[in-house]
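The analysis underlying the following values was restricted to heavy atoms, covering all of them including side chains, and did not include hydrogens, waters or symmetry mates.
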Amino acid sequence: ASPPEASRKRLAETPDTAPAAKRQTTAPPVVAVAVPDALKHFLVVITGVFPELGGGCGLHEGKDKATEVLVGSGASVKAGITKAMSKTAKAFVLVGDRPGASKVSKATALDIKLINMNGLRRLLAGELLADVDAAVVNEFSAGY
């Protein structure tokens, strides 16, 4: 009898199994001064990775920490973009490095603002979403 064929499905990396180059142990602060509940009533979708935040690896790098910051500031973090998001002035997509093309194109089609970490820092400091520059996306995720 021959041994069973090895699965071709790639297992997700964990902080323990990721190559040392992908690991980051300390994360810089997201913002120096945060206004309490700065993102109260905001709807946010996250796409891309956030290596500057640390934690996680692969397609999840930094996302847990980004979620913590958003929720801690009063935002609701959603998994996907909906038409309902386009009907509110308090919705945006937080775009990290190598975001997903489908989320970016859907947000663009629904006229939902894309912001990067610099834009998030400005929102947390109390600036209005309308005053934050939209993120420019030049490279998309290749996925896994």
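Separating the OG1 atom in T88 from the CG atom in L129 is a distance of 9.5 Å, to the nearest 0.5 Å. Between the NZ atom of K78 and the CG atom of L70 there is a distance of 12.5 Å, given to the nearest 0.5 Å. Rounding to the nearest 0.5 Å gives a distance of 13.0 Å between CG of L43 and NZ of K87. Residue K106 holds its NZ atom at 12.5 Å from OG1 of T47, rounded to the nearest 0.5 Å. Considering SG of C57 and NZ of K63, their distance stands at 12.0 Å, rounded to 0.5 Å. To the nearest 0.5 Å, atom CG of residue L94 and atom NZ of residue K103 are 11.0 Å apart.
Heavy atoms only, all atoms of each residue included: V137 and P99 are closest at CG1-CG, 3.6 Å. Closest approach of A135 to N116, counting heavy atoms only: CB-N, 3.7 Å.
Judged purely by atom type and a 3.5 angstrom limit, K113 uses its side chain to pair as donor or acceptor with the backbone of V132.
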When you look at I112 and I81, which way does the side chain to side chain contact (heavy atoms under 4.5 Å, CB included) test go after all the steps?
CA-CA 9 Å; I112 299 169; I81 296 169; 3.6 Å; yes

Quick one: do V44 and S76 satisfy side chain to side chain contact (heavy atoms under 4.5 Å, CB included)? Show the steps, please.
CA-CA 6 Å; V44 184; S76 275; over 6 Å; no

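Under a hydrophobic clustering in which Ile, Leu, Val, Met, Phe, Trp and Tyr are joined whenever their side-chain heavy atoms come within less than 4.5 Å, directly or via other members, V71 and L124 fall into the same cluster. Residue V49 is not grouped with residue L120 when hydrophobic side chains (ILVMFWY) are merged at heavy-atom distances under 4.5 angstrom, including chains of intermediate members. Cluster membership for M85 and L114, using ILVMFWY side-chain heavy atoms within less than 4.5 angstrom, is shared. Residues V93 and L110 share a hydrophobic cluster, clusters being chains of Ile/Leu/Val/Met/Phe/Trp/Tyr side chains in contact below 4.5 Å.
Checked options I115, V35, L128; the residue passing with L123 is I115 (criterion: side chain to side chain contact (heavy atoms under 4.5 Å, CB included)).
Counting heavy atoms from C-beta outward, E61 and D97 have side chains that stay 4.5 Å or more apart. Side-chain contact between D37 and S73: absent, with no pair of heavy atoms (C-beta onward) separated by less than 4.5 Å. A 4.5 Å side-chain heavy-atom check between M117 and F50 finds at least one atom pair inside the cut-off.
The number of heavy atoms from other shown groups lying within 6.0 Å of NZ (K40) does not exceed 12. For CG of D131, the number of neighbouring non-hydrogen atoms (other residues, nucleotides, ligands) closer than 6.0 Å is greater than 12.
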